[in-house]
Amino acid sequence: MTDLTHLDTEGRARMVDVSAKADTTRIAVAAGQLVTTPAVIELVRADDLPKADVLATARIAGISGAKKTSELIPLCHQLALSSVKLEFGFTENAITIEATAKTKGPTGVEMEALTAVAVAGLTLHDMVKAVDPAATLDGVRLLTKDGGKRGHWTREQQSTGTPTVTPRSAAVLVASTGGARGTREDTTGPVIAAWLEERGFTTRGPLVYADADIAAGLADALSGNPALIISTGGTGVSPTDATPEATRAVLDRELPGVADAIRNRGTEVTPHASLSRGLAGVANGTVVVNLPGSPGGVKDGLSVLDPLVDHLLAQVAGGGTHDA
């Protein structure tokens, strides 16, 4: 059985020391539902309850609850939350709640997401109790989490024991010896991460590895079973460039048309783009695309992927209906 981290060697509660952990982007998604009557659902949807806007009030309460998690749960760390989002939906007899919490730091945001759901749910209960005092807050649970050493986790993976690719999840991998050593600023990984997040991806990284360690970096990126991995760097012909070799070793199928299109787009700007050996392909359900290590090469590569990525991922997942 795994040791409980919130207990010391004598079994006493403690606050875990996270000072030695690396800062990474952390995202957690939690969900729950307020089970009530169809009449209440109709009133909430029509905004026809005697109290204020029910969903707007619950959304603000959930966000505030996430911010105060460390005050409510004694052993939680204070986190600088960069984003908290609440979404509501309806079934015949329930209001569904989903919260996404995000930060960049040494520890996760699972409790913040769960607290957001719980507080939003309790607020909903308070708003509808005059009509349905028997309403029940039910099924508060963690759905997914990203970041840190464990990478991507889903409830489905935990319950089945089988890794599954998660739609709209991605990882960014950077091959840069200087970046891994901290002597060179990574200017390409953040651009890719921002591009992915703008398109609705839950993104892990940038994961920065030295050129010589890029195979380990690719294994790290694949460990979270993302739908898409975009790498940058290590695609040239210098003795240390090894990204294509590491990529080919894990691919089940190559996508030469995608790699060629990226090279062709680059050669419209510079003939040096033809020296890129970057690959694209599928590794156990994950699409892997190598981009060059220059800002211009990344820009060109993303412009090629932009109109392709959704259809490509749908085809790999078995949902594509048109021949490519």
Side-chain angles (χ1 to χ4, degrees), residues 24-25 146-147 151-152 165 168-181 184-197 199 201-263 265-266 272-273 275-306 308-309 312-313 316:
T24 65
T25 298
D146 289 90
H152 183 72
V165 169
R168 308 307 287 182
S169 63
V172 180
L173 177 62
V174 178
S176 171
T177 300
R181 292 174 178 170
R184 181 178 180 180
E185 182 183 1
D186 171 25
T187 60
T188 54
V191 171
I192 298 171
W195 182 87
L196 288 164
E197 290 177 4
R199 284 151 185 79
F201 285 88
T202 299
T203 305
R204 181 178 171 223
L207 308 172
V208 183
Y209 279 80
D211 290 291
D213 299 326
I214 195 60
L218 189 54
D220 183 8
L222 285 167
S223 68
N225 302 109
L228 175 65
I229 295 173
I230 300 179
S231 73
T232 171
T235 63
V237 293
S238 76
T240 58
D241 289 331
T243 300
E245 286 75 16
T247 302
R248 181 172 284 114
V250 301
L251 293 182
D252 305 315
R253 291 182 293 165
E254 290 193 31
L255 299 169
V258 175
D260 289 343
I262 293 170
R263 269 186 290 274
R265 183 64 59 86
H272 295 166
L275 299 178
S276 174
R277 300 182 301 116
L279 301 177
V282 182
N284 196 27
T286 297
V287 174
V288 183
V289 179
N290 299 155
L291 298 185
S294 66
V298 165
K299 179 181 178 181
D300 293 337
L302 294 179
S303 70
V304 170
L305 289 177
D306 201 17
L308 298 177
V309 65
L312 172 58
L313 295 180
V316 172

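Counting from 1, the numbers follow the sequence of the chain as shown. Because the structure is predicted, anything quoted here is derived from the model rather than measured.
The two atoms that bring Ser276 and Pro292 nearest to each other are OG-CG, 4.2 Å, heavy atoms only. In terms of heavy atoms, Gly234 sits closest to Ala175 at N-CB, 4.1 Å. Of all heavy-atom pairs spanning Ala259 and Gly278, the tightest one is CB-O, 3.5 Å. The two residues Ala221 and Pro226 make their nearest non-hydrogen contact at O-CD, 3.4 Å. Pairing each heavy atom of Asp186 with each of Pro190, the nearest pair is OD2-CD, 3.3 Å.
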Give the intermediate values and the outcome of side chain to side chain contact (heavy atoms under 4.5 Å, CB included) for residues Val309 and Phe201.
-> CA-CA 11 Å; Val309 65; Phe201 285 88; 4.3 Å; yes

Apply the test side chain to side chain contact (heavy atoms under 4.5 Å, CB included) to residues Leu312 and Leu255: give CA-CA distance (whole Å), side-chain angles for both, the deciding distance (0.1 Å), then the verdict.
-> CA-CA 10 Å; Leu312 172 58; Leu255 299 169; 3.8 Å; yes

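Applying the side-chain hydrogen bond (donor to acceptor under 3.5 Å, both in side chains) rule to Thr240 yields the partners Ser238; only residues at least two apart in sequence or on another chain are considered. Partners of Ser231 under the side-chain hydrogen bond (donor to acceptor under 3.5 Å, both in side chains) rule, at least two apart in sequence or in another chain, are Asn290. Among residues two or more places apart in sequence or in another chain, the side-chain contact (heavy atoms from CB on, under 4.5 Å) test is passed with Val250 by Leu218, Leu222, Ala283. Contacts of Thr203 classified as side-chain hydrogen bond (donor to acceptor under 3.5 Å, both in side chains), with partners at least two apart in sequence or in another chain: none.
Put simply, OG1 on Thr286 and CG on Leu228 are 8.5 Å apart, with the number rounded to the nearest 0.5 Å.
In this structure, the side chains of Leu291 and Thr188 stay at 4.5 Å or more apart for every pair of heavy atoms.
No donor-acceptor pair under 3.5 Å is formed between the side chain of Thr232 and the backbone N or O of Gly189. Judged purely by atom type and a 3.5 angstrom limit, Ser169 uses its side chain to pair as donor or acceptor with the backbone of Ala227.
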Compile the donor-acceptor pairs under 3.5 Å between side chains in residues 294-306 and protein atoms, sequence neighbours left out, one pair per line.
unit_1: Ser294; atom_1: OG; unit_2: Gly297; atom_2: N; d: 2.9
unit_1: Ser303; atom_1: OG; unit_2: Arg265; atom_2: NH1; d: 2.8
unit_1: Ser303; atom_1: OG; unit_2: Asp300; atom_2: O; d: 2.6
unit_1: Asp306; atom_1: OD1; unit_2: Arg199; atom_2: NE; d: 2.9
unit_1: Asp306; atom_1: OD1; unit_2: Arg199; atom_2: NH2; d: 3.4

Distance-only check: which donor-acceptor pairs under 3.5 Å involve side-chain atoms of residues 206-217, not counting sequence neighbours?
unit_1: Tyr209; atom_1: OH; unit_2: Asp220; atom_2: OD2; d: 2.7
unit_1: Asp211; atom_1: OD2; unit_2: Thr177; atom_2: OG1; d: 2.9

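Screening Val316, Leu251, Val288 for a side-chain contact (heavy atoms from CB on, under 4.5 Å) with Val282, the sole residue that qualifies is Val316.
Pairs engaging residues 243-253 under the salt bridge (Lys or Arg N to Asp or Glu O under 4.0 Å) rule: Glu245-Arg277, Arg248-Glu254 [sequence neighbours left out].
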